[in-house]
Amino acid sequence: MRALTFHEYGPPSVLRVDEVPLPAPAGGEVRIRVAAAPAQPVDAATRAGVFAGRGPDTTGRTLGWDVAGTVDAVGDGVTGFAVGDEVVGLSDWFAPGNGAQAEYVVLPAAAVARAPAGVSAVEASTLPLNAQTASQALDLLDLPAGATLAVTGAAGSVGGYAVELAIHRGLRVVAIAGAADEEWLRGRGATFVRRADAVGDAVRAVVPEGVDGFFDPAGVGAPALGAVRDGGRYVIAVGTRPPAGERGISTAVVMVHSDGAELARLAGLVESGALTLRVAGAYPLEDAATVHELLAKGGVRGRLVFVP
C-alpha cells in the first residue's frame, strides 16, 4: 500500500510516498480503508525534527493522527464494528500508534467511532484530533456552567471546536482571534476580542474581574495569565511545558489521547449541528510538500486533508 513518510528530518521536500506492507489487525484492532486523513501542524513539526531527541527516532514512520474511512478487516474480539462500517478514529501517534496518511491504517477498536451521518469522509476526518484535544482541554479546566472561558486561536481548528464545545457546556466564551474571524465567532455566540500583544489587558477590557479559565491552543503562554482571575485555571495545547502558575492559578498542558466513546459523543454533536466541520482543501498524498508549505504559512481556516 502507499503511505506518506520521511526518512530524514528537514523541509517539506523530504516527504515521500512509499510502498509499505499492508498491515493486519491484531486482537482488538480494526483495519480501516482510508478515505481521508488530515494534515496537522504536529505532522509538520515532526517532519521538521521539532521533537527529535525527545523519544524514539520517528523517521521512516507513516505520518498522520486522524482518519475517516471504512472498516476493511477486524481482529479477534472486536464486537462493536464490522466490515463496511464508516468510521472515524484517532491514532496515539507518539505512543507510538500507526500513521493514518496511507491507504490503510490499523487502530485499536477503542480508538474508533462511527462516522457522523450526513457529512463526507473528508469533513468527518477533521473531527478526531482537533475536537478531542479541545474536549480534553475543557475536561482539564473543569469549569462549571456559567463560568467564563477565554480561548486563543479561537478561529483555528482546535480553538474553533473549543469555542463551540464550551458554549455547548454552558460556558461564557471570550474568543481571541484576528479581525477577519470576528463575524464567524460572534455567530457562534462568543464574545470577540481582537488578538493583541497584551492579551491580558485585551481580555480584562471585556471581563474586568478576569476569566475563570483560559485555553491556549495558540501557545501565547505566560502573558495569557494576566487575563485569568486569582485562583483560576489555564491549559495550553502545544508541545511545551505550561507556564508557571501565579496568584493561585493552576496550569497544565493537554496531552490528547484516543477515546472512542468520547469521539462517538463528538460525532453526535456534529449530527446535532453543535459542532462545525471545516475543510480548507483536499489533496493526494503526492502533494504532501505543497500541503506542508501551506501549513507553514499559517492562517488556514479548516483542515488540509489527504485523500489517498
Side-chain angles (χ1 to χ4, degrees), residues 40-42 44-46 48-55 94 129-144 147-167 169 171-182 185 190-257 295-300:
Q40 300 283 358
V42 68
T46 301
V50 171
F51 306 112
R54 302 188 193 180
F94 284 144
L129 178 61
N130 295 148
Q132 289 192 269
T133 299
S135 178
Q136 291 169 24
L138 293 177
D139 289 344
L140 276 176
L141 287 162
D142 194 26
L143 300 176
T148 302
L149 171 73
V151 180
T152 59
S157 294
V158 174
Y161 283 132
V163 167
E164 292 184 320
L165 286 171
I167 288 172
R169 295 186 184 201
L171 302 179
R172 176 191 175 194
V173 177
V174 177
I176 304 160
D181 298 307
E182 179 174 359
L185 290 164
T191 298
F192 176 78
V193 169
R194 184 174 297 187
R195 184 171 56 236
D197 291 336
V199 64
D201 292 342
V203 172
R204 292 271 185 170
V206 175
V207 187
E209 68 277 17
V211 296
D212 301 297
F214 200 114
F215 179 39
D216 188 14
V220 171
L225 298 181
V228 184
R229 65 166 174 80
D230 292 0
R233 301 170 185 174
Y234 167 97
V235 170
I236 194 168
V238 296
T240 185
R241 293 181 179 180
E246 59 184 51
R247 296 180 287 107
I249 298 169
S250 66
T251 66
V253 58
V254 59
M255 303 296 290
V256 65
H257 59 273
L295 285 174
K297 290 179 180 178
V300 176

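Bear in mind that the values here come from a model prediction, so they are computed numbers and not experimental data. Residue numbers start at 1 and run along the sequence shown.
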To the nearest 0.5 Å, what is the distance between CZ (R233) and CG (L140)? 10.0 Å
Point-to-point distance, once rounded to the nearest 0.5 Å, from CG of L141 to CD of Q136: 12.5 Å
Tell me, which pairs form a salt bridge (charged side-chain N to carboxylate O under 4.0 Å, His left out) where one or both residues lie in residues 147-156, sequence neighbours left out? none
Any pair counted as salt bridge (charged side-chain N to carboxylate O under 4.0 Å, His left out), so long as it reaches residues 148-158, sequence neighbours left out: none
Return the set of residues passing side-chain hydrogen bond (donor to acceptor under 3.5 Å, both in side chains) with [X] (not counting sequence neighbours), or none when no residue passes.
X    : value
D197 : none
R194 : none
E246 : none

Restricting to side chain to side chain contact (heavy atoms under 4.5 Å, CB included), what partner residues turn up for [X], sequence neighbours left out?
X    : result
A205 : none
D139 : S135, R169, E262
A131 : L127, Y161, L266
S157 : N130, R303

Identify the two heavy atoms, one from [X] and one from [Y], that lie closest to each other, and give their separation to 0.1 Å.
X    : Y    : result
A162 : L138 : O-CD1, 4.1 Å
R247 : L225 : NH2-O, 2.8 Å
A190 : V163 : CB-CG1, 4.1 Å
T251 : P243 : OG1-O, 2.8 Å
T46  : V42  : OG1-O, 2.7 Å
A177 : L185 : CB-CD1, 3.6 Å

With sequence neighbours excluded, what pairs up with D142 under the salt bridge (charged side-chain N to carboxylate O under 4.0 Å, His left out) test? none
Stepwise, does the side-chain contact (heavy atoms from CB on, under 4.5 Å) test hold for V254 with T133? CA-CA 7 Å; V254 59; T133 299; 4.1 Å; yes
Pairs of donor and acceptor atoms involving the side chains of residues 212-221, under 3.5 Å and at least two apart or interchain, shall be tabulated with distances.
from	atom 1	to	atom 2	distance (Å)
D212	OD1	R229	NE	2.7
D212	OD2	T148	N	2.7
D216	OD1	T152	OG1	2.6
D216	OD1	G219	N	3.1
D216	OD1	V220	N	3.0
D216	OD2	V220	N	2.9
D216	OD2	G221	N	2.8
D216	OD2	Y234	OH	2.6

F192: ring-ring contact (aromatic ring centres under 6.0 Å, His included) partners, not counting sequence neighbours: none
Below 4.5 Å, heavy atoms only, C-beta onward: do V207 and T191 meet side chain to side chain? no
For residues L295 and V300, determine if any side-chain heavy atom of one lies less than 4.5 Å from a side-chain heavy atom of the other. no
Short side-chain to backbone donor-acceptor contact, R204 and V228, under 3.5 Å: yes
